[in-house]
Amino acid sequence: MSDPRLGVRPSFAAATGAVYTAQLARARVARVPLLFVAAFQSIGIMLLLKGIAAHHDTLTGRQIVAGATVLVTAFVCLNLLAQRIGALRAEGGLDHYAALDVPGPAVALGAAGSYATLTVPGAVVTALVGCALFDLPYRGLWILVLVLPLAGASLAGVGTLLGLLAPRAELATVAGQLGMTVVLFLGLIPGERLPIVLRGVRAVVPSTYAVDALAATFRRRVDWQGVVVDLVVCLAVAVASLALAGAVFRRSVR
Amino acid sequence: MESYAATGLVRRYGDHVANDGIDLVASAGEVFGLLGPNGAGKTTLVRMLVGLLRPDAGSIRLVGRPLDRALVAAAVAYLPQADVAVADLSVRRAVETTAVLRGLRRHGARAAAAALLEELHLGEVADQPVGSLSGGQRRLAAFATVLAGERPVLVLDEPTTGLDPLARRAVWAAIERRRSERAASVLLVTHNVLEAETVLDRVAVLNNGRVIACDTPGRLKAGVGDVLRLELVWREEPPVYEPAVADLARLATVTGRRWSLRLPAAEARAALGAITAGPALEALDDFTLATPSLEDVYLQLGAAAPGLERV
Ligand SMILES: Nc1ncnc2c1ncn2[C@@H]1O[C@H](COP(=O)(O)OP(=O)(O)O)[C@@H](O)[C@H]1O
Ligand SMILES: [Mg+2]
């Protein structure tokens, strides 16, 4: 097995890092306008709902700001990533990574991480604007340091899966957009006010837990235990969906 | 030692048999070619050889071992026919990233990328996205990613399609350097006869999913026998009322004002002599008399060779 001329393989970390920096570099060129779009969209929704929401309805206010913030991440990690992976697959672009035998989870994690990173500025701005609009405390916003990567990773895992599993590239795009719409509706409406059927759906959508964690930190008395549970769920979904995406990636090439 | 040994490879797409029982053996250190028109099954074959497509039947050995993904990644650098994965990256980043994915550390990858960009004269476009380059330069950039990280076996699916002659020579020189300085083995797909004759040590000629001949280009051409290719280009309407011209008219393949004929050597010389000695010369713009090319190998074997390129 020891042919000295055979090349070495990168470590998992190096492979992930290479995919991450490469994707970040390409996205910086191509996606910046879209990131503004994501933040504008969320801020627009908050302004609209501010007009509709009753005064002193702080439950709704917390929910709207948290939902709109996570929506920025969903726009990029779910929608754009599903679209990107679907297009790459359709054009045979995944061959490049497959022939290099880059571990599937490294491709998924690297791509997901770069897309999640891109959403940080837009999401932070959205959260700040939201707090100002709805008169919410800023002191809990540090939780974004955890919420954004975890929401990003779990949504990106789902986005990657959609891109890999959709029979055609256009369907991957549609699926990504539908996914984002689900995040939008279920994120903005407080769980208690949803019909029973939709509460079940809400419970299986990974963004819910990110939204709930963020919304909880806007309360006067924060239920930290609940926040931790929500974040752990996010983490579990992220790990599971990225691992699954990695496995699907390996098989999707043939 | 062999770089590749494949036996009985079959691959179907639905009812269509894209590879129909292919055997081939490529020796280590040789530039082995797959020549065939579009649709012959070259890409299908190559994708099986790099583990991206599962054969319906047959087996593949790479550097003496059964093929698997990890072995391919360690031994082979593969240039797909369509390279879109790196289109959004700058040329430098594309090469550097690929080098890291082939196990180089960051600084090593950076140095390797710089050297390759210089070797392939890509320095001026190093910071432009691959996808924004002209077709030829884009292909050259993709070729640079293949050389990153020094694999002992290079599998290249039409590396020079769309390149201008200068860039094409740069690719050929780079391939030759890898072979002579590092004993690299190369498997090169082409539908270009000139390329096949210039750079290949041995060539498998593919047609309809089968290898119809496999030898050195020189021996394949020698096997065509004592024939010459006569090309005539007319300035105006060819004078078919001349008996010498009329005889050729029946045998020629006509493309516009260009006539192309394969004739036994003696007949070809006699025909050219008759035309250039008589009044038909007035109407003749240009002519060439050439020894057989690999294209004639196709015709000899009774295969159609429409998709082949000559220049
Ligand atoms: N994914 C596919 N699905 C169906 N048919 C295919 C597919 N890929 C290739 N083919 C068919 O198989 C044949 C060989 O294709 P290919 O291997 O790409 O040939 P080449 O590379 O020599 O041009 C062609 O007739 C092509 O249309
Ligand atoms: Mg091909």
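Just so we're on the same page: letters track the sequence lines, and every chain starts at 1.
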Subject >> Smallest separation among heavy atoms of B/Pro152 and A/Leu6, with atom names >> reply: CG-CD2, 4.3 Å
Original post:
Of all of A/Ala87, A/Pro10, A/Ala14, A/Ala15, which one pairs up most often with chain B through heavy atoms under 4.5 Å apart?
Top reply: A/Pro10
Original post:
Is there side-chain contact between B/Asp88 and A/Arg84, with at least one heavy-atom pair below 4.5 Å?
Top reply: yes
Original post:
Around atom CG of B/Asp20, are there more than 12 heavy atoms of other residues, nucleotides or ligands at under 6.0 Å?
Top reply: yes
**OP:** Return yes when atom CZ of B/Arg202 has more than 12 non-hydrogen atoms of other residues, nucleotides or ligands closer than 6.0 Å, and no otherwise.
**Re:** yes
**OP:** Select, from B/Val50, B/Val155, B/Leu89, the one with the greatest count of heavy-atom pairs under 4.5 Å involving chain A.
**Re:** B/Leu89
**OP:** Could you tell me which of B/Gly64, B/Ala82, B/Ala70, B/Gly149 has the largest number of non-hydrogen atom pairs under 4.5 Å with chain A?
**Re:** B/Ala70
Subject >> Close contacts, residues 98-106 of chain B versus chain A, judged by heavy atoms under 4.5 Å >> reply: B/Thr98, B/Val100, B/Leu101, B/Arg102, B/Gly103, B/Arg106
Subject >> Atom CD of A/Glu170: over 12 foreign heavy atoms under 6.0 Å >> reply: yes
Original post:
Considering heavy atoms only, which positions within residues 74-81 of chain B lie below 4.5 Å of chain A?
Top reply: B/Ala74, B/Ala75, B/Tyr78
Subject >> B/Arg12 atom CZ, neighbour heavy-atom count above 12 within 6.0 Å >> reply: no
Original post:
Looking only at heavy atoms, which two atoms of B/Leu52 and A/Ala98 are closest? And how far apart?
Top reply: CD2-CB, 3.6 Å
Subject >> Heavy atoms of other groups near A/Phe40 CZ, more than 12 under 6.0 Å >> reply: no
Subject >> Heavy-atom pair of closest approach, residues B/Ala73 and A/Asp101 >> reply: CB-CB, 3.3 Å
**OP:** Identify the heavy atoms of A/Val8 and B/Arg151 that sit nearest to each other, and give their distance.
**Re:** O-NH2, 3.0 Å
